[in-house]
Trainee: 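Can you read through this structure? Questions will come right after.
Whatever order the structure lists ligands and atoms in, that order sets their numbers, starting from 1. For this chain, numbers begin at 1 and follow the sequence in order.
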Amino acid sequence: MPVQGFGVDIGGSGIKGCTVDLDAGRLIGERVRIETPDPSIPEKVYAVVAEIVTSFGWTEGIGVTFPGVMKHGVVYTAANVDKSWIGADIDAELARYIPGSVTSLNDADAAGLAEMRYGAGRDQRGVVLMLTFGTGIGSALFVDGHLVPNTEFGHIQVDGEDGERRASAGAREREELDWAEWAQRVDRYLDVLEGQLWPDLIIVGGGVSKKAHKWVPLLSTRTPIVPAQLQNDAGIVGAALAAHESSPE
Ligand code: BGC
């Protein structure tokens, strides 16, 4: 029997959860996805998370991702979700809805942890930057395999604008950009970020990483860029891993 965990990925459009094989870094069976309630206020989202966890019969601790700055279970920012999340203590509040304990962390940090352990960042030393391109841009920074949490590089200023406003996958859809037009924006974004961090490797994740061949070859970045390997499951796997590693043996 592999070591098992449970991860839930809270996103702006969907909430996804599954049991995770922590030896292999894979989902066990089919994940469950439920639309994010509208408005996506904490109580409604907690109820959905509880529904997902219960549907698997899972009673132990779980890991949960959130798309904002997270410190010790508490939400500090909510760029693309309901502002009523700010100040919510996810670890304490969500634990009232489910049998086990809760360990929450930033969504990109979770995806990065999974990629570093099981995917494109495996055994990579030095400075590794994981970026997730979705509605916003999430970031996770690793130094010799150790996470520097909550880097929030999606919000660096690029030509006087919030980086993710111009270069997220959401911007590509909103403004109906073709791959070449969007790649130009990502290139400019990465140019600014690269000049500040000088990473050894950049891992690009999010839904658009499935189509990496359409835009990654168009980038002029000096740093090697590789697509994420766990793709849609990285958040769930990383959340389960974070919860497992934070729980007392
Ligand atoms: C948020 C980050 C999050 C990213 C991806 C950004 O707008 O500030 O915390 O990781 O979106 O969801």
Trainee: Determine, considering heavy atoms only, which of Glu164, Met70, His155 sits nearest to atom 11 (O) of ligand 1.
Mentor: Glu164
Trainee: Which residue and atom name correspond to the protein heavy atom nearest atom 12 (O) of ligand 1, and how close is it?
Mentor: Asp107 OD2, 2.6 Å
Trainee: What are the atoms of ligand 1, with element, lying closer than 4.0 Å to any heavy atom of Asn106?
Mentor: 2 (C), 3 (C), 9 (O), 10 (O)
Trainee: Check for a donor-acceptor pair, side chain of Thr65 on one end and backbone N or O of Asp107 on the other, with a separation under 3.5 Å.
Mentor: no
Trainee: Does even one non-hydrogen atom of Gly68 get within less than 4.0 Å of ligand 1?
Mentor: yes
Trainee: Answer with side chain, backbone, both or neither: which part of Thr135 has a heavy atom less than 4.0 angstrom from an atom of ligand 1?
Mentor: neither
Trainee: Between Ala79 and ligand 1, find which residue part has any heavy-atom pair under 4.0 Å and reply side chain, backbone, both or neither.
Mentor: side chain
Trainee: Which class fits the ring pair Trp85 and Phe66: parallel under 30°, tilted 30 to 60°, perpendicular over 60°?
Mentor: tilted
Trainee: Hey, which atoms in ligand 1 end up nearer than 4.0 Å to a heavy atom of Gly138?
Mentor: 4 (C), 5 (C), 10 (O)
Trainee: Can you tell if the side chain of Val53 reaches within under 4.5 Å of the side chain of Tyr97, non-hydrogen atoms only?
Mentor: no
Trainee: Do Trp182 and Phe133 make the cut of ring centroids closer than 6.0 angstrom?
Mentor: yes
Trainee: Taking 4.0 angstrom as the limit, do Arg166 and Glu164 come out as a salt bridge?
Mentor: no
Trainee: Is there side-chain contact between Arg222 and Trp198, with at least one heavy-atom pair below 4.5 Å?
Mentor: yes
Trainee: Considering only protein heavy atoms, which is closest to atom 2 (C) of ligand 1, and at what distance to one decimal place?
Mentor: Glu152 OE2, 3.2 Å
